[in-house]
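Single-structure report; data block below.
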2 protein chains.
Amino acid sequence: MRENVDTRTRIQQVALELFTEQGYEGTSLREIAERLGVTKAALYYHFKTKEDIVGSLVQDRIAAIQRLIAWGREQPRTVGTRRELIRRYSADLHDGRHHEIMRFFERNQTALRNQPKGEMMRDRMLDLLDLLRDEDAPLTVQLKCSLAIFALHATWFVFRESGITDADRQRAALEVALELVGVSEDLVGENSGNPSVTLR
Amino acid sequence: MRENVDTRTRIQQVALELFTEQGYEGTSLREIAERLGVTKAALYYHFKTKEDIVGSLVQDRIAAIQRLIAWGREQPRTVGTRRELIRRYSADLHDGRHHEIMRFFERNQTALRNQPKGEMMRDRMLDLLDLLRDEDAPLTVQLKCSLAIFALHATWFVFRESGITDADRQRAALEVALELVGVSEDLVGENSGNPSVTLR
DNA sequence: GTCTATAGGAGGATAGAC
DNA sequence: GTCTATCCTCCTATAGAC
């Protein structure tokens with residue numbers, strides 16, 4: 001029972017790493033098993049299929065983004081709300097290993113397209129982008145709002161192997177992202193809550 | 001000889017489409033052949049391997065970006081140069097089907113990682129990002145410069161299925177990208193050349 | 001929980017006829 | 001240039017012993 005949980009978690013860790021490095025379809029269950037020192041069949045005790053491993057990886061993220069979107073939809077569609085959405089998304093991204101899941105997701109868009117959980121994840125991200133932009137605004141403004149999410153994701157890509165801490169990355173990305181969604185015209189509403197609260 | 005060229009081109013078109021929709025590894029040569037109404041073996045007359053199809057797709061892009069980088073490295077590292085880099089990259093992207101190649105490339109990062117041409121493409125894009133940012137500048141400024149490229153690529157993702165023309169997309173993306181690399185402090189140098197000249 | 005063994009299929013690639 | 005036929009490899013997944 002204890003090893004049960006442990007092995008399951010180790011499978012997830014190794015799978016996430018290999019899926020991100022070599023791609024979902026480029027990684028076989030044999031490789032995962034070998035790296036763990038077990039056989040393929042052992043994996044099937046913990047996960048019904050290969051897809052299920054992915055499902056177990058992304059389901060937490062899907063739920064977190066859904067919560068964020070649900071919150072956002074109850075707020076007024078102001079710049080202040082958008083800025084808070086960005087703050088919460090950023091905090092969540094840097095909490096735990098969540099950004100690693102997003103990297104895996106980004107790099108395997110096509111492979112995950114044929115999977116229920118993959119499509120769900122994609123749909124939620126699109127919902128979030130839609131929530132961030134005002135469809136009546138000029139295209140340039142809409143694009144900048146959407147780019148804010150990209151900014152938060154892109155830090156690891158842009159500042160690769162530099163001697164930069166994760167905290168530095170997060171700070172810079174957040175600052176740029178907030179700038180992209182716009183300067184709040186309504187500072188009263190903006191700071192009414194805890195600005196750096198996480199999602200959970 | 002005439003059909004030779006034709007079939008080769010049709011293979012490239014179908015392959016690009018399927019690779020982009022379903023992923024490189026998720027698309028079999030059988031699928032490509034079937035859609036063209038030929039057999040797998042016929043593909044092997046035109047391309048030595050599956051990798052070779054990818055190579056034929058990206059090699060033009062690699063060359064174009066290399067030319068752009070070569071040009072950029074000869075210029076002073078000013079905001080004006082960066083703005084011109086963005087303009088040229090944007091013009092090139094919208095000339096022909098180049099942005100479709102980039103979409104394919106973005107969506108298949110992991111799969112292309114094991115291929116020589118894929119890595120070359122990736123390295124050139126990283127070179128371009130490095131050329132656009134000043135390593136001594138604050139992280140936020142560097143991030144914004146890099147994001148400019150993302151802005152040019154992201155338009156199709158952000159404004160999906162809207163009734164927006166490609167020209168509108170390009171215009172908005174270019175405006176945002178130019179804003180991200182910074183306002184030119186040196187307007188004299190900036191407009192010395194033809195501002196919308198393409199790469200070739 | 002993990003193993004051996006294997007089913008069952010699909011994929012990339014090649015040989016050789018036409 | 002395109003076809004048929006085939007090889008070989010690797011994959012996901014399952015059955016059943018320990």
Side-chain angles (χ1 to χ4, degrees), chain A residues 1-58 104 107-108 110-118, chain B residues 1-58 104 107-108 110-118:
Chain A
M1 190 131 157
R2 206 111 298 280
E3 294 92 282
N4 187 341
V5 171
D6 257 5
T7 302
R8 193 186 146 90
T9 305
R10 281 169 61 222
I11 293 172
Q12 288 176 319
Q13 287 171 346
V14 170
L16 176 58
E17 189 180 329
L18 291 179
F19 287 166
T20 305
E21 293 304 315
Q22 317 177 338
Y24 172 72
E25 324 224 34
T27 303
S28 66
L29 296 180
R30 181 186 51 76
E31 273 181 289
I32 298 175
E34 267 176 12
R35 184 172 293 205
L36 285 168
V38 297
T39 62
K40 271 194 300 175
L43 303 187
Y44 280 97
Y45 173 79
H46 298 278
F47 296 95
K48 205 160 59 66
T49 65
K50 191 182 180 186
E51 281 196 9
D52 265 25
I53 301 180
V54 171
S56 78
L57 289 173
V58 299
F104 152 69
R107 293 197 188 174
N108 289 277
T110 48
L112 300 186
R113 203 166 243 210
N114 308 319
Q115 299 188 209
K117 293 273 186 178
Chain B
M1 191 133 157
R2 206 109 299 279
E3 294 93 280
N4 189 340
V5 171
D6 256 3
T7 302
R8 195 186 145 89
T9 305
R10 282 169 60 223
I11 292 172
Q12 289 176 317
Q13 288 170 345
V14 169
L16 176 58
E17 190 181 327
L18 291 179
F19 288 164
T20 305
E21 294 302 316
Q22 316 176 336
Y24 173 72
E25 323 225 35
T27 303
S28 66
L29 296 179
R30 180 185 50 75
E31 270 181 290
I32 298 175
E34 268 177 12
R35 185 173 293 206
L36 285 168
V38 298
T39 63
K40 268 197 298 177
L43 303 186
Y44 280 96
Y45 173 80
H46 297 278
F47 297 95
K48 207 160 57 66
T49 65
K50 191 183 180 186
E51 281 195 9
D52 265 25
I53 301 181
V54 171
S56 78
L57 288 174
V58 300
F104 153 69
R107 293 198 191 175
N108 289 278
T110 49
L112 299 185
R113 203 166 241 210
N114 308 320
Q115 300 193 16
K117 294 275 185 176

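Lettering of chains follows the sequences in order, A, B, ..., and the numbering in each one begins at 1.
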Q: Report the residues that fulfil side-chain hydrogen bond (donor to acceptor under 3.5 Å, both in side chains) with A:Q115, sequence neighbours left out, ordered by chain and then residue number.
A: A:Y24
Q: Send over the distance from A:E34 CD to C:dC3 C1', rounded to a whole Å.
A: 15 Å
Q) So does A:Y45 get a side-chain nitrogen or oxygen closer than 4.0 Å to the phosphate oxygens (OP1/OP2) of C:dG1? A) yes
Q: Indicate whether OP1 or OP2 belonging to C:dG1 is found under 4.0 Å from a side-chain N or O atom of A:T7.
A: no
Q) What salt bridge (Lys or Arg N to Asp or Glu O under 4.0 Å) pairs are there with at least one residue in residues 40-53 of chain A, not counting sequence neighbours? A) none
Q. Do the side-chain N or O atoms of B:T39 get closer than 4.0 angstrom to the phosphate oxygens (OP1, OP2) of D:dC3?
A. yes
Q: Starting at the 5' end of nucleotides 11-17 of chain D, put B wherever the base has a protein heavy atom under 4.0 Å, S where only the sugar-phosphate does, and a dash everywhere else.
A: SBBB---
Q. With sequence neighbours left out, what residues match B:E31 under salt bridge (charged side-chain N to carboxylate O under 4.0 Å, His left out)?
A. none
Q) Given atom CG of B:N114 and atom P of C:dG12, what is their separation to the nearest angstrom? A) 15 Å
**Q.** Qualifying residues under side-chain hydrogen bond (donor to acceptor under 3.5 Å, both in side chains), relative to A:T27, sequence neighbours excluded
**A.** A:Q22
Please tabulate, for side-chain N and O atoms in residues 10-19 of chain A, each donor-acceptor pair with protein atoms closer than 3.5 Å (sequence neighbours left out).
from	atom 1	to	atom 2	distance (Å)
A:R10	NH2	A:L36	O	3.4
A:Q12	NE2	A:S56	OG	2.9
A:E17	OE2	A:R35	NH1	3.1

Q | Distance, rounded to the nearest Å, where B:L36 contributes CG and D:dG1 contributes P | A | 16 Å
**Q.** Non-hydrogen atoms of B:L29 and B:I53 that approach each other most closely
**A.** CD2-CD1, 4.2 Å
